[in-house]
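Below is one structure, written out as structure tokens; the observations come after it.
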Amino acid sequence: MMRGLPAKVSMFASAAIGWLVATAAHATELPAVIPVPAHMEWRTGVFAIRADTRVAIPRDSGAARVAGYFADLMQKTRGLRLQFGSAARPIVFELHKGTEAAKSNPESYTLDVSPTRIVLSASDPRGLFYAAVTLWQLTTSGPAADTISVPAVHIVDSPRFAWRGMLLDSARHYQSPEFILQFIDWMALHKLNVFHWHLTDDQAWRLEIKKYPRLTGVGAWRVPAGAAPAADIDPATGKPRLYGGFYSQDTVRKIVAHAAERNITVVPEIDLPGHATAAVVAYPRLASIVPAPAAVPSDWGVYFNLYNADEGTLEFLENVLTEVVQLFPGQFVHIGGDEAVKDQWKASPRIQERMRQLGVANEADLQRYFIERIGKFLTRHHRRLIGWDEILEGGIPHDAAIMSWRGVDGAYSAAAAGHDAVLSPSPTLYFDNRQSATDTQPGRGHVTSLEDVYKFDPMPASLAPDQRQHILGLQANIWTEHIRTEKRVEYMAFPRVAAVAEVGWSPAASLNWNDFLARLPEQRRRYESMGITAYPGASQVEDASRPVAGLSSHQLKSCTDKVLLSLEDDAPLNGPRAAFLVDIMNPCWIYPAADLTADRSLQAAVGQVPFNFQLGADIHSIKLTPPQTPYGELEVRLDNCDGERVATLSLQPALANNGVTRLPAASIARRAGKHDLCLKFTQRSLDPMWVIDRVRLE
Ligand code: ACM
């Protein structure tokens with residue numbers, strides 16, 4: 001009936017964690033709870049949930065809502081339609097308001113399963129909700145059946161951190177409202193409670209604002225980068241087809257209500273004063289340069305487009321936020337504040353004049369003026385400001401909170417200065433990074449493994465007590481520059497979501513990587529039953545991509561690893577596209593230790609991808625090798641990239657193909673020993689960038 005863990009795994013877990021040692025007799029059959037509860041004692045016997053089991057009708061409306069949620073969840077995921085009513089062996093949802101328990105953490109709960117009844121109890125519907133989630137996890141270990149056996153257990157549980165978040169970037173790529181609702185469901189089943197919704201950026205404005213319809217009418221649409229999308233003409237307009245979408249206010253209200261029912265607060269992000277390109281394209285009067293950019297752009301990286309500092313622009317932002325606070329009832333509004341490069345403010349006589357009027361000494365102070373002004377607005381609307389750690393540099397309102405992304409120091413200095421802080425450090429909690437070195441999907445090239453996430457320590461011992469009290473919690477971010485589809489959001493999120501959930505919820509003393517790993521297979525089965533496409537794990541990916549035909553770009557070595565990205569091809573427009581691991585600052589690969597003791601033939605498949613990166617002055621450090629022919633070449637050099645050229649493959653056959661092209665083979669004459677081969681393209685300009693798909697030596 002209940003699935004048995006492999007003996008090896010249960011021994012592992014038994015040695016690792018107390019509750020399994022205590023009940024080693026049935027350690028092989030216990031369901032896996034993630035995040036692991038603060039206190040859990042397995043007891044003897046089971047409660048059988050059957051057709052005649054009844055959910056006792058709760059007296060409290062909050063408890064009734066949670067009970068209804070649980071019954072729905074059981075029907076959707078276990079095919080069991082639970083009836084409400086009285087029965088000899090009931091499932092009881094209890095809220096104890098006004099008691100001692102009510103003074104404790106509202107997210108805490110107890111769950112008691114005995115052979116005769118199940119009792120979920122809490123002082124607040126939030127805690128009761130988590131009791132329901134835990135009970136649900138206790139029912140998912142076997143196949144759907146008429147009778148589900150829940151082992152007897154006593155759980156007293158409460159979260160370690162109040163902020164357990166996920167950011168989803170809906171600006172760089174758009175996800176449907178249906179997906180967002182589902183994503184929120186999945187977060188709730190991990191006891192995560194903050195959905196940070198990144199709604200505006202250079203590449204799109206996704207939130208309907210009634211007063212400013214062009215924000216979404218214009219700002220939500222762009223032509224994707226690359227030759228393939230540029231050639232994809234929309235018959236309705238005779239111009240390249242636009243990519244995009246936005247969330248109407250009705251949709252947002254539905255999402256916010258859906259989240260609230262699952263104890264998730266939606267924190268909207270309206271990024272300012274930078275990351276503003278889509279907005280200034282929609283309303284050029286907001287721009288810091290004249291003329292304002294004409295089209296919503298499709299490059300990744302940091303644009304220099306900031307809002308100007310006119311009074312009218314600040315009023316625009318306040319009007320936007322007036323609608324934002326009506327839509328999002330949560331305490332916090334995220335105002336970005338990151339990566340606001342000040343060149344446009346420095347260069348604009350009008351903005352310099354405005355700075356004199358405002359009496360601010362420099363551009364950093366002007367950003368501070370922005371943040372203070374927006375902070376005061378939010379205070380008037382009984383909200384708190386939260387922003388990326390850059391806003392610390394200008395000084396911030398005393399109740400403002402910091403979200404630290406450039407490592408963790410921003411959060412710890414904010415906490416030392418008396419500000420609340422959320423930890424969201426790159427690269428550990430940036431889930432757009434690959435999950436293993438063998439992962440060939442698109443994403444940032446850095447590897448942030450499940451273990452890296454699990455072992456992230458939000459509260460190092462070095463943190464002083466007065467800093468500790470300001471650490472609200474942690475959050476993982478799914479930026480979507482390289483995550484074009486919803487399926488790939490799932491792939492990047494899961495199972496790392498489970499790790500961040502456990503680090504955010506469970507007591508530090510209960511965190512144990514091997515024990516977590518032992519519980520993961522069951523979590524993966526839950527994902528399967530919910531239709532989540534999770535990253536399968538490095539070993540599975542390795543098996544699937546075993547090099548049957550040479551080495552892929554992901555298996556070759558990069559020459560320098562400076563800005564490593566797993567970049568998706570822009571073609572074909574429909575169907576699967578290749579992804580190439582490339583250092584965009586130095587597109588160059590090493591085929592390691594090639595045996596050249598016999599004459600060899602080198603085959604290469606190559607692609608070309610748009611060079612759509614805003615790199616500022618760094619772009620000048622990219623060195624191009626001029627081609628010898630009008631077509632360009634792939635050059636192969638011996639031992640290193642300055643070594644003897646041993647083969648040259650013309651790119652002529654690939655020029656007209658936006659997808660992957662296999663070039664005619666080149667021969668390499670024999671010589672003694674093994675040699676690294678450096679593979680590098682010649683080209684006159686950066687765009688498009690040539691990339692290796694695969695190389696084979698025979
Ligand atoms: C960020 O990654 N710019 C917050």
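We count ligands from 1, going down the list as the structure has it; atoms in each ligand are counted the same way.
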With salt bridge (Lys or Arg N to Asp or Glu O under 4.0 Å) as the rule and sequence neighbours excluded, what pairs involving residues 414-436 come up?
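Found Arg384-Asp420, Asp432-Arg444.
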Between Glu318 and Arg373 (salt bridge meaning N to carboxylate O under 4.0 Å), is one present in this structure?
yes
Let me know which protein residues bring a heavy atom to under 4.0 Å of ligand 1; chain then number is fine for ordering.
Asp338, Glu339, Trp388, Trp405, Tyr430, Trp479
For Asp583 and Lys562, run salt bridge (charged side-chain N to carboxylate O under 4.0 Å, His left out): C-alpha distance rounded to whole Å, both residues' side-chain angles, the deciding distance at 0.1 Å, then the answer.
CA-CA 6 Å; Asp583 176 354; Lys562 269 167 89 182; over 6 Å; no
In chain order, what residues pass the ring-ring contact (aromatic ring centres under 6.0 Å, His included) check against Phe613, with sequence neighbours excluded?
Phe611
Checking His173 now: which residues fulfil ring-ring contact (aromatic ring centres under 6.0 Å, His included) with it, not counting sequence neighbours?
Tyr243, Trp300
Quick one: sort the Trp197 and Tyr247 rings into parallel, tilted or perpendicular, breaks at 30° and 60°.
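Answer is tilted, since the angle falls between 30° and 60°.
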